[in-house]
There are 2 protein chains.
Amino acid sequence: MSDLQTPVSLLIADDHQMIIDGIKSMLSGERHFVVNGEANNGEDAWSRIAADPGRCQVLLTDISMPLMSGTELCRKVKEQYPHIKVLFLSMYNSTAVVKEAVLAEADGYILKNTGKDELLSALHRISQDGTYFSQEIVPLLYRQYHKEQQQSAETAQLSAREKEVLALIVKECTSEEIAQKLFISKKTVDTHRAHLLEKSKARSTVGLVRFAIKNGLAEW
Amino acid sequence: MSDLQTPVSLLIADDHQMIIDGIKSMLSGERHFVVNGEANNGEDAWSRIAADPGRCQVLLTDISMPLMSGTELCRKVKEQYPHIKVLFLSMYNSTAVVKEAVLAEADGYILKNTGKDELLSALHRISQDGTYFSQEIVPLLYRQYHKEQQQSAETAQLSAREKEVLALIVKECTSEEIAQKLFISKKTVDTHRAHLLEKSKARSTVGLVRFAIKNGLAEW
DNA sequence: GGTAAAATCAGTATAAATACCGACAGGATT
DNA sequence: AATCCTGTCGGTATTTATACTGATTTTACC
């Protein structure tokens, strides 16, 4: 994929400029990698890739970003330009988020609280057609893999409708209001709430909100 | 405070190692500043400062960290070692968080989505006995200053007890449970809740949770 | 020593959420 | 054909939260 003469080109997408600048500084001494693009949101990143797909070999992206999330960005990239490798940079190590990333066909996933060395390891592995997942999240993947078809699901896979209801709950809507907005009965909303409580193992609406936040299921 | 011969020594506290490494990389070319200490939580940072107060001239710290928050760390530092400058690095630009920082006698406050240039400007200003607050948060400070004594207070200043109750609400406790934990009547908890709803302008408990998150009033 | 805010508690009433029960239609899967 | 999941509703009952009004004590501050 790359030799010493032609470094691997990177595109960094993160809404925190400090992270971008930090990574650029870290890699400034590296001859194997060169950052030749940056974006502060998913849509911007997508435009840059679409404008010149050959310019970017590895996409280093945050999960939660404005306009377009990292996972959505990843999906689009993998669909259109499967040659581009995607490495996620995330704050969260929750099972659901990791699972989302894997389903989006990510090549790697590292946490922001890891250091320079691990970043370089990840980039090396990924640019050589490998994958790299932080040590902290490997157990999550393992557990996920082995419990996938059990309904125990501490992670819970919510249906589309349930996610819709949850998003409105987080927006401070009452069941009545949600019913009106979705053109369904309040009773149906209650049923969805009950299922959400089960799947998220929450005790109350507050728990649902926490669940939504941790799993990136609501706009913030 | 410093000349070209003796660079300004920095201590960085952030639970995201990547931020620390990023800043170190950014400053590696700078002769004016030298990072000679790092910590991943507030307590660790405090230990390092207490161990050798002369080693650190500027403390660069995150707001939300495990064990001890950045604001608490700042308070202790300013109380014991007022010569140490404190620059906050934060994800949030909410009025309440900024106010907390200012009340803790911070010398500066910059957002993580700002870049290398602004970081250097901030460090220069602060190390020369000045202050530096990100452009984005200046309006917040201004507004805060002028609306301080009005009860309109879109930010709301919660009492210690109210914060205590709010923290438990976010932890999925019911009013009953909160009452038991704080050894007060459920009725009193209800009163606190009512005041919290007023001050936060929330419609329900969900709104309180959002408020707590946005203002960094609950552990996450 | 007065004033203001905070913290405490009570009563009453309504609104909202949760816990159960049961049901049925449609779609996908086996 | 049988099964499972999703989405859709209804009834009933209980628990929790919210909206009022009003009150006392403590604390802090001027």
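Regarding A/Gln180, its CD atom lies at a distance of 14 Å from the P atom of D/dC9, rounded to whole Å. For B/Glu172 and D/dA17, the CD to P distance is 11 Å, given to the nearest whole Å. Distance A/Ile184 CD1 to D/dC9 P: 6 Å, rounded to the nearest Å.
Residues forming a side chain to side chain contact (heavy atoms under 4.5 Å, CB included) with A/Lys78 (at least two apart in sequence, or on another chain): A/Cys74, A/Val86, A/Glu105, A/Asp107. Among residues two or more places apart in sequence or in another chain, the side chain to side chain donor-acceptor pair (under 3.5 Å) test is passed with A/Gln180 by none. For B/Glu198, the side chain to side chain contact (heavy atoms under 4.5 Å, CB included) partners two or more places apart in sequence, or in a different chain, are B/His195. B/Lys186 is linked by a side chain to side chain contact (heavy atoms under 4.5 Å, CB included) to B/Ser175, B/Glu176, B/Ala179, B/Asp190, counting only residues two or more places apart in sequence or in another chain. Not counting sequence neighbours, B/Arg55 has no partner by the salt bridge (charged side-chain N to carboxylate O under 4.0 Å, His left out) test. Listed by chain and number, the residues in a salt bridge (charged side-chain N to carboxylate O under 4.0 Å, His left out) with A/Glu43 amount to none (sequence neighbours excluded). For the side chain to side chain contact (heavy atoms under 4.5 Å, CB included) test, residues two or more places apart in sequence or in another chain that qualify with B/Arg48 are B/Leu11, B/Ala39, B/Asp44. Scored by the ring pair (Phe, Tyr, Trp, His ring centres under 6.0 Å) test, B/Phe33 finds B/His124 as partners (sequence neighbours excluded).
For B/Thr205, a side-chain nitrogen or oxygen approaches OP1 or OP2 of D/dT18 to under 4.0 Å. OP1 or OP2 of D/dA17 sits under 4.0 Å from a side-chain N or O of B/Ser175.
Between its two ends, the helix from C/dG1-D/dC30 to C/dT30-D/dA1 turns its axis by 50°, counting five pairs per end and rounding to 10 degrees.
When every heavy atom of A/Gly70 is checked against every heavy atom of A/Thr61, the shortest pair comes out as CA-OG1, 4.0 Å. Contact record, B/Leu87 with B/Ala122: CD2-CB, 4.0 Å, taken as the closest heavy-atom pair. Between A/His192 and A/Val165 the shortest heavy-atom distance is CD2-CG2, 3.9 Å.
Contacts between residues 185-196 of chain B and DNA chain C, defined by a heavy-atom separation under 4.0 Å, are made by B/Ser185, B/Lys187, B/Thr188, B/Thr191, B/His192.
Ionic pairing of B/Glu164 and B/Arg161 is present here: one or more N-O contacts between side-chain nitrogen and carboxylate oxygen are shorter than 4.0 angstrom.
Rounded to the nearest 0.5 angstrom, B/Ile184 CD1 and B/Lys181 NZ are separated by 13.0 Å.
Of all nucleotides in DNA chain C, those with any atom nearer than 4.0 Å to a heavy atom of chain B start and finish, going 5' to 3', at C/dA6 to C/dT12.
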Could you run down the sub-3.5 Å N/O contacts of the protein with nucleotides 26-28 of chain D?
none

